[in-house]
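Data block below; observations after.
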Amino acid sequence: MKTAVIVFPGSNCDRDAAVALEAAFGTRPAMVWHRDNELPDLDLILLPGGFSYGDYLRSGAMASQSPVLRAVKEQADKGVLVLGICNGFQVLTESGLLPGVLMRNANLKFVCRDVDLVVDSTASPFMRGYATGQQVTVPVAHHDGNYFADDATLNRLEGDGRVAFRYAAHDNPNGSARDIAGILNERGNVLGMMPHPERAVDPKLCGIDGKAMFTGLVEALVPTIMEG
Amino acid sequence: MKAKVHVTLKAGVLDPQGKAIGHALESLGFEGVGDVRQGKFIELDLDETDPDKARARIGEMCEKLLANTVIENYSIDLEG
Amino acid sequence: MKAKVHVTLKAGVLDPQGKAIGHALESLGFEGVGDVRQGKFIELDLDETDPDKARARIGEMCEKLLANTVIENYSIDLEG
Amino acid sequence: MSAAAAASEAIEITPELAAEHGLSADEYALILKIMGREPNITELGVFSAMWSEHCSYKSSKVWLKTLPTEGPQVICGPGENAGVVDIGEGLAAIFKIESHNHPSFIEPYQGAATGVGGILRDVFTMGARPVANMNALRFGSPDHPKTRHLVSGVVAGIGGYGNCIGVPTVGGETEFDPAYNGNILVNAMTVGIADAGRIFYSAAGGPGNPVIYVGSKTGRDGIHGATMASAEFDQDSEEKRPTVQVGDPFTEKLLLEACLELMATDAIVAIQDMGAAGLTSSGVEMASKGGVGVELELDLVPMREEGMTPYELMLSESQERMLIVLKPGREDEARAIFEKWELDFAVIGRVTDTGRLVLKFHGETVGDIEVAPLVDNAPEYDRPWEPTPKSAIIDTDDVAAPNDPMDALKRIVGSPNMASRRWIWEQYDHMVMADTNQRPGGDSAVVRIHGTDRALAITTDSTPRYCLADPEEGGKQAVAEAWRNLTAVGATPLAVTNNLNFGNPEKPRIMGQIAGAVTGMGAACRALDFPVVSGNVSLYNETSGEAILPTPVIGGLGLIDDLDRTTAVAIPREGLNLVLVGKTKGWLGSSLYLREIESRADGAPPPVDLAAERRNGDFVRGLIQAGRVAACHDLSDGGLAVAAAEMAMAGGIGADLVDTPEGLALHGWLFGEDQARYLIAAEDGAAIVAEAQAAGVPAAVVGQTGGDALTVGKTHTISIHELRRCHEEWLPSFMARP
Ligand SMILES: Nc1ncnc2c1ncn2[C@@H]1O[C@H](COP(=O)(O)OP(=O)(O)O)[C@@H](O)[C@H]1O
Ligand SMILES: [Mg+2]
């Protein structure tokens, strides 16, 4: 089982993500520096939260142009799983791996709190640990999480079951279109989400509702390895 | 050569910042303010002295980095 | 009446955004890029039709809200 | 000689120019004596910076010396960039608090942001990875036209910096009072964790060793005091230069990672951040602490602007910079690390054995000062002071009882100084690094020591209204409250940092407040084994002769040995006994009740019985550490009723409190602010009371948990829903007003 966390200058949830991955997979993820333009063979790539390049210009914009992103795209094209959390989600939209954009929160303020999410679609390896319609509580912490896309794109995302999570009604912290909190690419191997599942894997901290994502990924990936 | 780049949101794209500014102006008592849109204004110094080449080069910068062309337009002005 | 407002950092004030953009352009292989500064560009629709009054009104908006005059300058262009 | 150097030589040094640099006639005379000649403008700038109140502590030093600074847990007390305490298992906690009051008033976002950046550097320059930020804020009256703008800017600035660099902002305090209308307080605290065997200090050593500059380039940021003088330098100055510094948290994040990477090698001899007075104070302090000289080639300093003079280079307060002395021959290794992190790196000088600070610019000597007298002869004043007159003790019977105590409670929990601060802390990432066990809103923040089951507890406290009425009791109270807040989560208090925010020390009345507060703090720190390991002093917080309230802010640090044995304020379930620990007399002098309900701000504040504090606190901590406490809250502003209400609101479970005990007035019982008290929720209330009695600790079962309302004596009641509404409403609606 090979996992990697990509580290950009200004990433700051890279350690948290590595801890969550190691707890689930039992092996330490490779920490890959943004200037590396080649990646080893991997099963899961995680783009962590933080402020890559200070979030200057646009969140995720500069990271989406970094050498390592080209390698991430190649792997995504081959079907390797890519999970972008928070700033990682912003990098995925900026790089075109996911549609739409994450704009400034509607009230213009940074928001850090627990939010209630509803699982919308379980049709991807990321979501195996969850049940459709299940409500979970996971923290958010971002300034630019206001998901925007044109209506055609939104309709397509919904029609294709590519909305992984929505904010529960009345708990939309940022003004996202159709309460979208996380989306998948067409193939279902790239997930971007604003909430932080990696912060919710320990009952002493922010609860354990994020844990199912990582245990689900382990279940999803282990048979692949055995077949391979 | 100095260049000025304006990056603005495309029509129809939601502009939370512009909207918030509009609201704030209203509540400060400024009346008759209609639509407000906020964009970016980037000033660059370039070695390039040929205007056509400079423009092409900056266009490339905008496409690659300065603007998110899914939601933003850009325009380039060259100076001196 | 439409107005365009440019809000830019005063000379000498550190511009972390501009600095980071400059770095990023460089690492994308764009050579010969000197200083980069980032500012804001705000477009407003105003009911006011008298240019002098409009200008005064927008000046007030800049002082009160649109610009942080401790570190920023602003300029106003009117259109139409 | 270069144009800039020539220009700086050309400036004539007059007593007026010295005065413009904040130097008195006596101080200037002393400079002439030390130099044996007239200083040039650069040298004058160096003296003025080093002898400023900010760097020299000239008014407060005599008092600071009276504070206890030692204990078995102390690895390094005051005098370095931050204090260091042992937290066991080979680790040390490094922490300090610092003010950025004036800059935050001028430009709230950047002022607060750079305040956070500065205190972070003080902590990581000693080898720690920062793990938590705190902030203690004081604003003017909510009715003052500037207040809203200042609150929104300061909060956004603190969040903007801390969120980006990825250090959780886990707590703090915020108060409003008209005394801060013209001088807000922004005190920022950082706690970091380091390997106890690898602490980095600032004493330079090893003549010949290279001095390196890393981080951001130097611009003309924050060259204040001296703006007049420097304005004469550049004839072509297009606009009056702002003295405001802009923070760049992204660069600081890179600087943090790069410094920690270099610190993992053994290449560093000494390291010091460039904070106030930039290159001057870092260069001088490193030389002075090491008893050596330093020679700097100022033209090698990475510069952001053209034509900078030696004077400007020495005094610039550009942020995100560090000065490092390396072992010989380690430059390339260090350079590679800083280049990897895309930071500036330059060898700008070397350590010498001359004991002199020598400044060169394009080969010319532009400054030459003997370090020892520059530092050791810095002025130190024992300023005259007047004791603060004692306030009358207010008899509870002389205070009208409330018609409806629950209405009074509602007004208090919804008042500006008690209303929920959620609007603030939700703008701070308080969970990044994934070790935050107790979030903002409780008595202390609790941050797990990464990879262990142990944790640090952190709090900041001050009650300025008490300090105004009685600085000495107020000083004691601030320390006692911090100690109590740590105790309330089950932590063993370790040490404190402090920020002394006062008015003009040249006024005997203000100096009396300083003397009183420090005396009280010292007494409390001694009695509670809670030594002072670092701190900061901010004086002259006055506008048009109006001083702020005396505000000694205490930042307390404690250690939790087992995260399973910690408590929070939230009532977790029904059917628990509520036990009140500590003696209640019903003290209403200087209380919140008096201020909010009676619109009176008078009376002696509650006295602090340090022996009782210690006894009661040790007893409560013992219970928590034995796993016998389900929830705990110390009693402070607003007394018992507010504590019970906060516990109920946090847990969503109500409580029934007993009737007013015999001999007490209802409002004294509910709202009195007697010190050394805790309210705990536990299964075995009767047994706890019995044990308390045996230990000489006053305790009584005063209620039960359950239901969805807070009820007193079966007659007065208010729903949790209504309490929450009042508590949560004020700040967001205040901030939403135009
Ligand atoms: N109120 C105080 N109590 C104890 N120590 C203090 C106090 N104020 C300042 N100090 C100590 O004096 C030294 C210098 O403080 P300061 O100039 O703020 O440091 P820095 O330049 O690193 O920010 C530090 O060691 C600090 O901890
Ligand atoms: Mg320091």
Side-chain angles (χ1 to χ4, degrees), chain B residues 1-11 13 15 17-50 53-54 56-68 72-77 79-80, chain C residues 1-11 13 15 17-50 53-54 56-68 72-77 79-80:
Chain B
M1 174 161 290
K2 269 192 195 308
K4 301 191 172 192
V5 178
H6 286 86
V7 179
T8 51
L9 284 171
K10 290 185 177 167
V13 175
D15 176 8
Q17 264 127 327
K19 212 166 102 186
I21 294 173
H23 264 301
L25 287 175
E26 227 173 82
S27 53
L28 282 173
F30 290 104
E31 276 156 40
V33 181
D35 211 27
V36 182
R37 307 281 285 173
Q38 179 174 320
K40 285 184 199 121
F41 173 59
I42 298 162
E43 294 170 286
L44 294 165
D45 264 343
L46 267 198
D47 271 359
E48 187 57 65
T49 50
D50 179 295
K53 284 196 190 149
R57 216 156 170 59
I58 298 173
E60 222 186 306
M61 292 178 193
C62 288
E63 293 284 336
K64 269 207 168 161
L65 183 73
L66 302 181
N68 178 342
E72 292 172 329
N73 293 321
Y74 59 88
S75 70
I76 303 166
D77 295 307
E79 265 184 25
Chain C
M1 173 164 286
K2 271 194 194 305
K4 302 192 169 190
V5 179
H6 286 89
V7 179
T8 50
L9 282 171
K10 290 185 179 172
V13 174
D15 177 7
Q17 308 244 14
K19 194 171 105 182
I21 295 171
H23 258 302
L25 288 174
E26 227 174 80
S27 47
L28 281 174
F30 291 103
E31 274 156 43
V33 181
D35 212 26
V36 181
R37 307 280 283 173
Q38 179 178 322
K40 276 183 219 139
F41 173 58
I42 298 161
E43 294 170 286
L44 293 166
D45 262 343
L46 266 197
D47 271 358
E48 186 57 66
T49 50
D50 178 295
K53 284 196 191 148
R57 212 151 173 63
I58 298 173
E60 222 185 304
M61 293 179 193
C62 288
E63 293 284 336
K64 274 205 171 158
L65 183 77
L66 304 180
N68 176 353
E72 292 171 332
N73 292 325
Y74 60 88
S75 69
I76 302 167
D77 295 307
E79 264 184 25

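In what follows, every heavy atom counts, from backbone to side chain, and hydrogens, waters and symmetry copies are set aside.
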- Can you name the side chain to side chain contact (heavy atoms under 4.5 Å, CB included) partners of C:E63, sequence neighbours left out?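 With neighbours one apart ignored, the set is C:T69, C:Y74.
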
- Item | The single option from C:V36, C:I21, C:V33 passing side chain to side chain contact (heavy atoms under 4.5 Å, CB included) against B:M61 |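 Looking at C:V36, C:I21, C:V33, the match for B:M61 under the side chain to side chain contact (heavy atoms under 4.5 Å, CB included) is C:V33.
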
- Message: I need the residue from B:Q17, B:E31, B:Q38 with the largest number of non-hydrogen atom pairs under 4.5 Å to chain C.
- Response: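 Top option by heavy-atom pairs under 4.5 Å: B:Q38.
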
- Task: Please state whether the side chain, the backbone, both or neither of B:E60 comes within less than 4.5 Å of a heavy atom of chain C.
- Result: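 Interface part for B:E60: both.
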
- chain C contact via B:L44 - side chain, backbone, both or neither, heavy atoms under 4.5 Å: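 Backbone plus side chain of B:L44, per the 4.5 Å heavy-atom cut-off to chain C.
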
- Output the distance between atom NE2 (C:H6) and atom CD (B:E43), rounded to the nearest 0.5 Å.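 C:H6 NE2 to B:E43 CD: 8.0 Å, rounded to 0.5 Å.
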
- Message: Tell me the closest heavy-atom pair linking C:R57 and B:F30, and the distance in Å.
- Response: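 For C:R57 versus B:F30, the nearest heavy atoms are NH2-CA, 3.7 Å.
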
- Options C:L25, C:D35, C:L28, C:L66, ranked by heavy-atom pairs under 4.5 Å with chain B, top entry: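 Sorted descending by pairs with chain B, the first entry is C:D35.
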
- Does NZ in B:K10 sit with more than 12 non-hydrogen atoms of other residues, nucleotides or ligands closer than 6.0 Å?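 Atom NZ in B:K10 is crowded, with more than 12 foreign heavy atoms closer than 6.0 Å.
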
